[in-house]
Amino acid sequence: MALGFFSRLKEGLSRSTQKLGGNLSAVFTRRRLDDAALDELEEVLIAADLGPAVAGRVIESFRSSRFGAEVTDAEVRDALSAEIARVLEPVAVPFTPDPARRPHVVLVVGVNGTGKTTTIGKMALQFGRQGLRTILVAGDTFRAAAVEQLQIWGERVGAPVIAGPPNADAAGLAFEALKKGRAEGADLLLIDTAGRLHNKGALMEELAKIIRVMRKFDETAPHSVLLVLDATTGQNAIEQVRVFKELVAVTGLVVTKLDGSARGGIVVALADQFKLPVHAVGVGEQAEDLRPFSAADYARGLVGEGLKLHSGAVVEQGED
Ligand SMILES: Nc1nc2c(ncn2[C@@H]2O[C@H](COP(=O)(O)OP(=O)(O)OP(=O)(O)O)[C@@H](O)[C@H]2O)c(=O)[nH]1
């Protein structure tokens, strides 16, 4: 039986949950909220990658509302989950292709290996199931494996893939795909891009050229620029957003590999710092594992709300 939305997310986040939720239990098994407890709490939050700004605010909020009170780990967890959900709420925006575009052009950017190609494949499959006609563009022409991987997804999904020979001009491919998409009334054009050129200037020029050339055909393209980030890189994801925002007008984020990571808190730090929409999160390699991002579910999953922790092991309390 297919897992429900929250179950799948919860399963994917389990390593992050154990880290944050487990550490919370270790700090607060009924304890007075004094300076030492708040210091320990701050350390747990920072170790969970929530970032110093969010951690600092959470501590201040606890200090002003409950200082000196005796609290349990469940209370701390509930209050923390609410605080995290507040940070995430504004960025939990699903990706919705604009039906007026035909095709809605999406440039997918990010460092190599973050999961761009896989995310494109998953999106193509999910939108294909909704009846949207999608074209894929193998714009990472420097890596033969990336082209092959996209072709495999294209076959699985039944979506045409526009690819060229090794080192082909990505801008030319994107232009050709856009023309084809318009002629055929496609709904969505997903463009894979190279993530590592020999320097930042070269990468910027590559992306700028793709955009410039596509605009000769449709001056509103691209309609979205999705930056794919790998959660396992933790705080490094912050730096990647900074760099890519300088290169191109990023409109939204996808955070992948949360299943292999105890660093799910990074999404909170990203949301707080950049306020960019988080369209989806990746919690595994299957198409279904690209999940729309829900603030409340994510916050609950991260702190392990509704879970009971025994000596570090997560035990479920009933069904969700
Ligand atoms: N566990 C897990 N693996 C993922 C997820 N997303 C992607 N991957 C895996 O991460 C690896 C890299 O993904 P790619 O899609 O090739 O990454 P890319 O950014 O396109 O990188 P290049 O192809 O090297 O440019 C692959 O083995 C994917 O199956 C995820 O959410 N969870």
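Order of appearance sets the numbers: ligands from 1, and atoms from 1 within every ligand. If you read the sequence from its start, that first residue is 1, and numbering goes on from there. Because the structure is a prediction, the values reported are computed rather than measured.
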Check: residues 278-286 side-chain donor-acceptor pairs under 3.5 Å, at least two apart:
| from | atom 1 | to | atom 2 | distance (Å) |
| --- | --- | --- | --- | --- |
| His279 | ND1 | Val93 | O | 2.8 |

TODO: Apply ring pair (Phe, Tyr, Trp, His ring centres under 6.0 Å) to His104 and Phe127, showing your working.
DONE: CA-CA 12 Å; His104 182 116; Phe127 285 114; 9.1 Å; no

Task: Neighbouring protein residues of ligand 1 - any heavy atom closer than 4.0 Å - done: Val111, Asn112, Gly113, Thr114, Gly115, Lys116, Thr117, Thr118, Lys122, Asp140, Arg143, Ala146, Gln149, Thr256, Lys257, Asp259, Gly282, Val283, Gly284, Glu285

Open item on the list: Taking Gly264's backbone N and O only, do any of them form a donor-acceptor pair with Tyr298's side chain (distance below 3.5 Å, no angle check)?
Closed with: yes

Open item on the list: Using only atom types and a distance under 3.5 Å, with no angle test, would you say the side chain of Arg182 pairs donor to acceptor with the backbone of Arg102?
Closed with: yes

- [ ] Calculate, to the nearest 0.5 Å, the distance between atoms CG and CG belonging to Leu276 and Leu270 respectively.
- [x] 9.0 Å

Open item on the list: Within the 4.5 Å heavy-atom criterion, are Leu136 and Leu190 side-chain neighbours or not?
Closed with: yes

